[in-house]
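Here's the structure, in structure tokens; my notes come after.
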Amino acid sequence: MTLIKSISGIRGTIGGAVGDNLTPIDAVKFASAYGVWLKGQYKKENYRVVVGRDARISGEMIQNLVMNTLVGLGIHVIDLGLSTTPTVEVAVPMEHADGGIILTASHNPKEWNALKLLNNKGEFLNGEEGAKILAIAESDTMSFADVDSLGKITKNDAYIDLHIDAVLDLKLVNKSAIEKANFKVVVDGVNSTGGIAIPLLLERLGVECVTLYCDPTGHFPHNPEPLKEHLTDLSEAVVKEHADFGIVVDPDVDRLAFIDENGNMFGEEYTLVACADYVLSATPGNTVSNMSSTRALRDVTEQHGGTYEASAVGEVNVVALMKKNNAVIGGEGNGGIIYPESHYGRDALVGVALFLSLLADKKMSVSALRASYPNYFMSKKKIAITPELDVDAILKAMEAKYSHERVTTIDGVKIDFEDSWVHLRKSNTEPIIRVYTEAPSQEAADALADKVIAEIKAVANN
């Protein structure tokens with residue numbers, strides 16, 4: 001399936017048949033549905049929506065379709081052009097806009113694009129709101145503005161700079177200490193908008209920046225998901241340049257990973273752990289991540305006297321629990337930092353500034369910093385499922401089997417053991433059961449995953 005309709009928007013591959021891919025007609029249909037929903041939310045004279053995109057090849061085409069659809073609904077558009085997901089998120093409240101649309105398929109390959117939908121706070125829509133938009137899109141009840149009531153498009157290319165200003169104004173971003181540390185950093189911008197935003201941020205912080213793949217052409221030089229196997233060029237460049245560390249972001253700049261001075265992965269899961277360590281040292285409090293994220297965040301939070309809680313997978317769920325628990329920082333183990341002092345969205349720019357502040361404070365190498373944290377290893381496996389398989393019954397059986405352990409069922413089944421855990425959940429986008437485990441060694445994590453997969457297969461065959 002190459003067209004995926006979800007509560008947070010619509011994503012798909014460019015080209016092909018209408019309804020099966022993200023074609024121009026599909027882009028117009030879902031932009032229309034969003035605009036109609038927005039106008040139903042607030043009764044007012046003028047409506048404003050912020051629109052920005054990452055650098056992928058189809059971005060300009062999709063953005064023009066989306067913006068002019070909103071114009072046809074009588075909605076005024078603030079066009080940020082090339083931007084980042086967190087930049088659009090912070091621009092919505094700055095503009096006093098009614099919502100926002102980000103054109104990005106995040107870490108997906110170049111043939112993908114998506115419409116990601118925001119409310120008037122610059123936050124992703126919740127499940128109920130998303131369901132209403134999907135229902136509108138499937139109806140024939142959309143009505144457009146007359147010729148005297150069309151919206152207008154206003155270009156504004158200042159928001160990456162304004163976003164950086166806001167990051168530098170954060171109380172915990174220690175600009176003077178970072179400048180004194182004389183850091184040298186290599187940045188892999190995967191030829192998208194991170195190649196614009198991250199070097200500009202580093203320049204403002206007095207960090208020497210070596211750029212790698214920072215030309216925003218949308219021609220990704222490697223798989224854009226920031227995983228170890230995709231980052232050999234960055235690892236080599238960090239060592240060759242004698243840099244303090246390397247930074248990589250995904251195409252829309254809401255995921256962040258680091259390479260240490262030796263060219264080794266800091267660990268995408270540990271981006272949030274390190275930033276939380278710094279924030280908690282200055283502002284003790286609670287933290288939240290999703291259920292498939294490392295236990296190291298819980299350990300670090302408790303060391304600082306706070307309380308950790310896990311949400312269901314998905315940024316909307318993380319944000320909701322962060323608000324409920326008054327978390328001082330949170331996010332997702334895929335390198336997504338959510339810092340409420342800035343805004344409730346994953347933001348690699350905020351993450352970079354907090355990480356640099358931590359390094360300047362600790363005065364230690366990135367490899368030494370990583371060694372200072374609890375060491376966990378993850379295994380991420382999956383089981384293909386067939387239509388006749390009753391996944392809910394299988395998960396119930398696993399819950400019962402491990403009822404003597406600490407079991408959580410808000411998102412599939414998560415079983416917490418003394419020094420490890422396993423999380424089983426049905427994928428929202430593929431016909432699979434995801435099997436994530438974490439343990440003190442890679443061998444133990446893999447063994448736990450294999451053991452649980454064998455048990456699931458035994459249950460399925462009964």
Side-chain angles (χ1 to χ4, degrees), residues 1-8 10-12 106-108 126-128 130-131 134 225 227 268-269 288-298 308-318 320-321 331-334 336 376-462:
M1 184 170 64
T2 52
L3 185 68
I4 301 167
K5 306 166 191 175
S6 72
I7 59 169
S8 60
I10 176 172
R11 64 189 173 102
S106 195
H107 62 272
N108 283 31
N126 63 33
E128 185 181 345
L134 295 180
E225 188 163 13
L227 303 177
E268 197 181 27
E269 290 283 332
V288 171
S289 65
N290 70 40
M291 296 175 69
S292 287
S293 300
T294 180
R295 189 181 276 187
L297 180 60
R298 182 202 67 179
Y308 165 79
E309 198 169 339
S311 77
V313 173
E315 184 173 329
V316 172
N317 300 317
V318 174
L321 190 57
E332 299 189 284
N334 60 10
Y376 293 104
F377 297 83
M378 293 187 81
S379 176
K380 298 183 179 183
K381 299 192 178 187
K382 56 190 176 183
I383 304 170
I385 55 178
T386 52
E388 62 271 13
L389 207 60
D390 189 339
V391 177
D392 293 332
I394 288 171
L395 294 179
K396 279 283 183 191
M398 296 302 290
E399 179 188 350
K401 181 178 177 65
Y402 287 98
S403 59
H404 57 288
E405 302 288 354
R406 190 167 142 238
V407 177
T408 312
T409 57
I410 60 169
D411 184 8
V413 176
K414 185 175 184 182
I415 306 152
D416 273 290
F417 306 103
E418 186 176 344
D419 65 349
S420 59
W421 56 258
V422 58
H423 187 198
L424 313 171
R425 59 185 291 270
K426 185 165 54 175
S427 170
N428 295 324
T429 57
E430 299 177 72
I432 59 171
I433 299 172
R434 298 193 186 278
V435 181
Y436 284 13
T437 63
E438 186 174 63
S441 72
Q442 192 63 56
E443 293 76 17
D446 290 336
L448 177 58
D450 292 340
K451 172 177 175 283
V452 170
I453 288 170
E455 290 171 350
I456 289 172
K457 289 179 176 176
V459 169
N461 291 331
N462 283 343

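Source: prediction; values computed, not measured.
- Val459 approaches Ala397 most closely through the heavy-atom pair CG1-CB, 3.7 Å.
- The two residues Val318 and Ser311 make their nearest non-hydrogen contact at CG2-OG, 3.3 Å.
- For residues 437-448, the pairs satisfying side chain to side chain donor-acceptor pair (under 3.5 Å) are Thr294-Glu438, Ser379-Asp446, Trp421-Glu438, Gln442-Asp446, with sequence neighbours left out.
- Looking only at side-chain heavy atoms (C-beta outward), Asp411 and His423 come within less than 4.5 Å of each other.
- The line from CD1 of Ile383 to CD1 of Ile394 is 7.5 Å long, rounded to the nearest 0.5 Å.
- Between Asp416 and Arg295 the shortest side-chain heavy-atom distance falls below 4.5 Å.
- Side-chain contact between Glu332 and Glu315 is present, with heavy atoms from C-beta onward closer than 4.5 Å.
- Side chains of Leu448 and Phe417 form a contact here, defined as non-hydrogen atoms less than 4.5 Å apart.
- Ser293 places a side-chain N or O within 3.5 Å of a backbone atom of Gly333 that can act as its donor or acceptor partner.
- Sparse packing is recorded around NZ of Lys457, with 12 or fewer heavy atoms of other residues, nucleotides or ligands lying under 6.0 Å away.
- Distance CG/Leu424 to NZ/Lys381: 13.5 Å, rounded to 0.5 Å.
- With rounding to the nearest 0.5 Å, the separation of CG in Leu395 from OG1 in Thr409 is 10.0 Å.
- Residues Val316 and Asn126 come closest through the heavy atom pair CG1-CA, 4.1 Å.
- Looking at residues two or more places apart in sequence or on another chain, you find a salt bridge (charged side-chain N to carboxylate O under 4.0 Å, His left out) between Glu455 and Lys451.
- Heavy atoms only, all atoms of each residue included: Ala445 and Met378 are closest at CB-C, 4.2 Å.
- Closest of all the heavy-atom pairs between Ser289 and Tyr308 is OG-OH, 2.7 Å.
- For the atom pair Arg434 CZ and Ser292 OG, the distance stands at 9.0 Å (nearest 0.5 Å).
- Qualifying salt bridge (charged side-chain N to carboxylate O under 4.0 Å, His left out) partners for Arg298, counting only residues two or more places apart in sequence or in other chains: none.
- Using a 4.5 Å heavy-atom cutoff, the side chains of Met398 and Val422 are not in contact.
- If you take OG1 on Thr408 and CE on Met291, they are separated by 4.5 Å, rounding to the nearest 0.5 Å.
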